[in-house]
Amino acid sequence: MTTQPDALLASDYVVCAALRKVADVFNVELLWERVRGGQDGVFLMDALKRHPRSPRARQRKETRYSHVVVRIPERDYIQDDRLEDGLGRRTLLQEFHRLHAQELGRYLADDAAIRYRLEPDPVLRPGEVHFLFGRAIHIPAEGERPQFRIQAAAVDGQSDWRDIGLIYPGQRLTLLNGDRRTSSYTVVGWPFPGSESILLILRPGNPAVVDVGVEPPGGLDLSEDGEGGHVVRDRRGRGLRVRVLDCPAEGVLTVMSPGHDRAMASSAASLASPITAERLPFEAEIAQDMPPVVPEPEPPMDSLDETYPRIDHWGRREPMLGTGLDLDGLPLVGLDALSGQPPAPEQVTPQPTVPAPFPPSLPPNAGVPVEAELLPPTASAASAAPAPPAPRAEPLEQGTWVPSRPAAYLYVMGIALQRLSTYATAGISDWRLSFNRVGGVVHDGHPDAVAWLRVDNADRVFGEIVGSSEPLALPGMWRPVAELELELFAAPGAMAAHYLGWMRLPTSLRLPVPRERAVSFGRGAEADIAPRLLADPRSLRWDGTRARSMGISAEYLGLSRRHLRLQVRSEDWWVQLESQNMPVYRLTMTGELVDVLNPGVNTVATAKPGELLVAGGYVLALGEVV
């Protein structure tokens, strides 16, 4: 068995042990101790033995932790909930409790109880399990009511207070930071790139109080804000506001752990099932004694008001390759700039011809239908005849999240042209993008393809039509056919190491973004938003030959699984870089550089509507937030 460097992260407050290559995450024999299997990492019993709560001394016995949070991949959690009605996780918790009492029962403190909680984690890969325990990890007893709640907000004064977590009477220490592996509660939008944390200490008494401090001492500047809260800043001026409030004696308080809300939103929303105390350990004890609240009926929603009108069976939306043309029966609707609002009826253009469906050889998630509206080509917008308005959508009968305000939108405005010389040693010789007559991206070899943009491993850009190829200069314009015109931009100096430039898409993909939480953008199933416009592996040439297998596509070039996080705020967008090795570039609408988010250096920014973000092969535009 091999052990990865980050398989065990330990501090005075939280210990996180990671186990990988687990064949069945609900099999306790593969998680508790090394008996069989090819798992990598640290098993739970080994981690508990390595890090006792109090070591043995002359005047006291050795004790070990008995509150353990077990995190499994979100997909496994949801699959067990839907197929087995939670049987797998209930059995796993029972087996953990039995083994802990059997193997480590003699190391329990006099007043300790064995408690386990199973949580879904959207970041974990298949076969990966995390175990969290320590002095800052507390699992409340059944019926235990919270004493305080924690809230945080940005220091700009424009952001609303958001709930972070709860403090229970038996929870003496609570650690807050941006790393889900080293904290009691993870703060979304944590502004400090180092290892600093906020430490909350519950002081019992009448009344009980909570002291606010920083860890390590002196790592951050802590001051009162004059309103009962605290302001925490680092030496570069980045800051966060934190406050601790008494929990109301009556009323339902909803605070969910990171990952819990994602899994239960996707599972409970599509099933329209009530949330039980087992699923929400923080607030179920409060809610169970309250009288039922009968919600008012929801008004019917227009199709443009739906944030996620179509979801796949995992609760995620994954646009398919060429979705710029597949409108699934919806008319093509123009947008004024990036306002996210539909144009006047006289500006609506007719729907272009939809290409034939993709062959079975494409990725299985390439055919997931999505709600996408496109910017019409400017060449034909003036002459197009008006089309009838879209029919009003029927009222939703599912328990999905319904926004109180129109959703904000993220737009795929262009494709970033990366330097293929970076990947020449891997054997990539060409990258070829295919377009139809109205500017929609189609897969390589599609019968409607009429023009191709090609980048070779000598970092040259070519425009191609049937029987002709010509080199293209950046910046510039290229009109391969009368109906299609492509605008090319040169990369600013700071981008030149990774990019040649970028190309504005004639048809832009509009993606709705919820307002209540941050969402991740990247590739594959781990991201909330994964456009997959570049996911055709046949667009890459390997040593001059087109790929025939379903291997690496241009989606992998410079784009991480979870590349960046976005959150809509009252007047702007909050952006955080999640990639560990690739930057994100902020540009103006005309392509001038604004800022660069680099891993480990400058990872958080506030962006205005209309700005562009270059992430991997995508050029994203931030829509209006009003």
Side-chain angles (χ1 to χ4, degrees), residues 321-325 352 355 358 374-375 377-379 411-424 428-491 495-496 498-509 531-542 544-547 552-559 587 591 612 614-621:
L321 179 68
T323 188
L325 300 175
F358 299 139
L374 310 178
L375 292 172
T378 56
Y411 299 86
V412 179
M413 288 290 292
I415 295 177
L417 305 177
Q418 304 185 61
R419 291 187 176 273
L420 283 195
S421 59
T422 308
Y423 308 97
I428 300 178
S429 57
D430 298 271
W431 176 27
R432 198 166 184 243
L433 289 166
S434 305
F435 300 91
N436 62 12
R437 289 187 177 274
V438 294
V441 179
V442 295
H443 64 80
D444 190 82
H446 195 281
D448 290 344
V450 297
W452 296 266
L453 191 74
R454 181 171 62 89
V455 181
D456 66 8
N457 57 9
D459 296 334
R460 296 175 299 180
V461 182
F462 296 89
E464 299 179 345
I465 58 176
V466 176
S468 174
S469 177
E470 61 176 306
L472 300 179
L474 279 68
M477 299 289 292
W478 179 49
R479 174 170 284 183
V481 293
E483 303 92 333
L484 177 60
E485 187 175 63
L486 298 177
E487 185 176 6
L488 304 174
F489 296 82
M495 292 176 53
H498 296 100
Y499 295 92
L500 297 169
W502 62 282
M503 177 197 65
R504 187 187 298 273
L505 287 173
T507 55
S508 297
L509 174 64
R532 297 186 61 80
L533 288 178
L534 310 177
D536 181 12
R538 291 169 294 185
S539 65
L540 292 180
R541 300 296 197 274
W542 299 82
T545 304
R546 187 177 71 172
I552 294 177
S553 65
E555 194 92 356
Y556 286 75
L557 304 182
L559 187 66
L587 307 178
L612 305 182
V614 181
Y618 293 101
V619 179
L620 310 174

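Note that these values count all heavy atoms, side chains included, but never hydrogens, waters or copies made by symmetry.
Residues E555 and A535 come closest through the heavy atom pair OE1-N, 3.6 Å. Heavy atoms only, all atoms of each residue included: V442 and A449 are closest at CG2-CB, 4.0 Å.
Inspection of the W478 and E487 side chains reveals no N or O donor paired with an N or O acceptor under 3.5 Å.
Between V412 and P531 there is a side-chain heavy-atom pair separated by less than 4.5 Å. Taking the side chain as every heavy atom from C-beta outward, W542 and S429 never approach each other to under 4.5 Å. You'll find the side chain of L453 reaches within 4.5 Å of the side chain of M503, heavy atoms only. Taking the side chain as every heavy atom from C-beta outward, V455 and L500 approach each other to under 4.5 Å. Put simply, the side chain of Y556 does not reach to within 4.5 Å of the side chain of L534, judged on heavy atoms. In this structure, the side chains of V438 and L484 stay at 4.5 Å or more apart for every pair of heavy atoms. Side-chain contact between W502 and L488 is absent, with no heavy atoms from C-beta onward closer than 4.5 Å. Put simply, the side chain of I415 does not reach to within 4.5 Å of the side chain of Y618, judged on heavy atoms.
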*Which is it for V481 and R437 under the side-chain contact (heavy atoms from CB on, under 4.5 Å) test, yes or no, and what are the steps along the way?*
CA-CA 7 Å; V481 293; R437 289 187 177 274; 4.0 Å; yes
*Determine, stepwise, if the pair L420 / L557 fulfils side-chain contact (heavy atoms from CB on, under 4.5 Å).*
CA-CA 9 Å; L420 283 195; L557 304 182; 4.0 Å; yes
*Could you walk me through whether S469 and R454 pass side-chain contact (heavy atoms from CB on, under 4.5 Å), step by step?*
CA-CA 9 Å; S469 177; R454 181 171 62 89; 4.2 Å; yes
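Here the CZ-NE2 distance, from R538 to H446, works out to 10.0 Å after rounding to the nearest 0.5 Å. For the atom pair L509 CG and R532 CZ, the distance stands at 13.5 Å (nearest 0.5 Å). Atom NE2 of H443 is separated from atom CG of L533 by 13.5 Å, given to the nearest 0.5 angstrom. L612 contributes atom CG, which lies 8.5 Å from atom CG of L620 (distance to the nearest 0.5 angstrom).
W452 meets the side chain to side chain donor-acceptor pair (under 3.5 Å) test with S434; sequence neighbours excluded. Among residues two or more places apart in sequence or in another chain, the ring pair (Phe, Tyr, Trp, His ring centres under 6.0 Å) test is passed with Y423 by none. For S421, the side chain to side chain contact (heavy atoms under 4.5 Å, CB included) test picks out R419, D459, with sequence neighbours left out. Under the side chain to side chain contact (heavy atoms under 4.5 Å, CB included) criterion, S468 pairs with I465, sequence neighbours left out. Taking Y499 as the reference, A416, Q418, A491, M495, Y585, V614 meet the side chain to side chain contact (heavy atoms under 4.5 Å, CB included) condition, with sequence neighbours excluded. Residues meeting the ring pair (Phe, Tyr, Trp, His ring centres under 6.0 Å) test with F435, sequence neighbours left out: none.
None of V461, L417, L486 except one satisfies the side-chain contact (heavy atoms from CB on, under 4.5 Å) rule with L472; the exception is V461.
A salt bridge links D444 with R432; the closest basic N to acidic carboxylate O contact falls under 4.0 Å.
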